[in-house]
Each structure stands twice: as structure tokens, then as C-alpha cells.
Amino acid sequence: MDQPIELSLEQQFSIRSFETQVQNMSHEQAKDFLVKLYQQMVMREATYKQLLKHHWGLEGGSWA
């Protein structure tokens, strides 16, 4: 992975739209949103790990 990942125009637009939404939030709304976003990221990572364990047949092991 020597080359950086390039985002599609749709992904770039989505990021810009997200940026606009965040700028319009109050400080409290932004903090709450950030915590929820982090929770989703952690859940996504756990889901990916579980899927990889299943795909690779590592369910019984102690792979973290």
C-alpha cells in the first residue's frame, strides 16, 4: 500500500456535506455527535474483526 487511497467524487462530496453539518452544530451537539461517531467506529472495527475470524476459521483462537 505505497499509494494513497483516492476518494471518489461522491465520497469527497459526502465529506464536504458532513463538514457543513458539523459547522452548524452547537459545541454540545458536536461533542455528543463525536462520541456517537466513535462508538460506531469501534463497533465497525469489532464487526470487521469478527468477520475476518469467521472467514479465516479463527473463531476458537485467541486472535485479538
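This structure is a prediction, so every number in the text was calculated from the model and none was measured.
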*Ile15 side, atom CD1; Thr20 side, atom OG1 - distance, nearest 0.5 Å*: 12.0 Å
*Lys53 NZ to Lys49 NZ distance, which is reported to the nearest 0.5 Å*: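 That separation rounds to 8.0 Å.
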*Between Gln11 and Glu6, which heavy-atom pair has the shortest distance, and what is it?*
OE1-O, 4.4 Å
_In this structure, would Leu7 and Phe13 fall into the same cluster of hydrophobic residues linked by side-chain contacts under 4.5 Å?_
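Cluster IDs for Leu7 and Phe13 differ.
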Residues 31-46 side chain polar contacts: donor-acceptor under 3.5 Å, at least two apart:
from: Lys31; atom 1: NZ; to: Glu28; atom 2: OE2; distance (Å): 3.3
from: Asp32; atom 1: OD2; to: Lys36; atom 2: NZ; distance (Å): 3.2

*asked:* Within the supplied structure, the quantity of interest is the number of heavy atoms (other residues, nucleotides, ligands) at a distance under 6.0 Å from Gln23 CD; does it exceed 12?
replied: yes
*How about Leu9: does its CG atom have over 12 heavy atoms from other parts shown lying under 6.0 Å from it?*
no
*Please identify each residue that fulfils salt bridge (Lys or Arg N to Asp or Glu O under 4.0 Å) with Glu10, with sequence neighbours left out.*
none
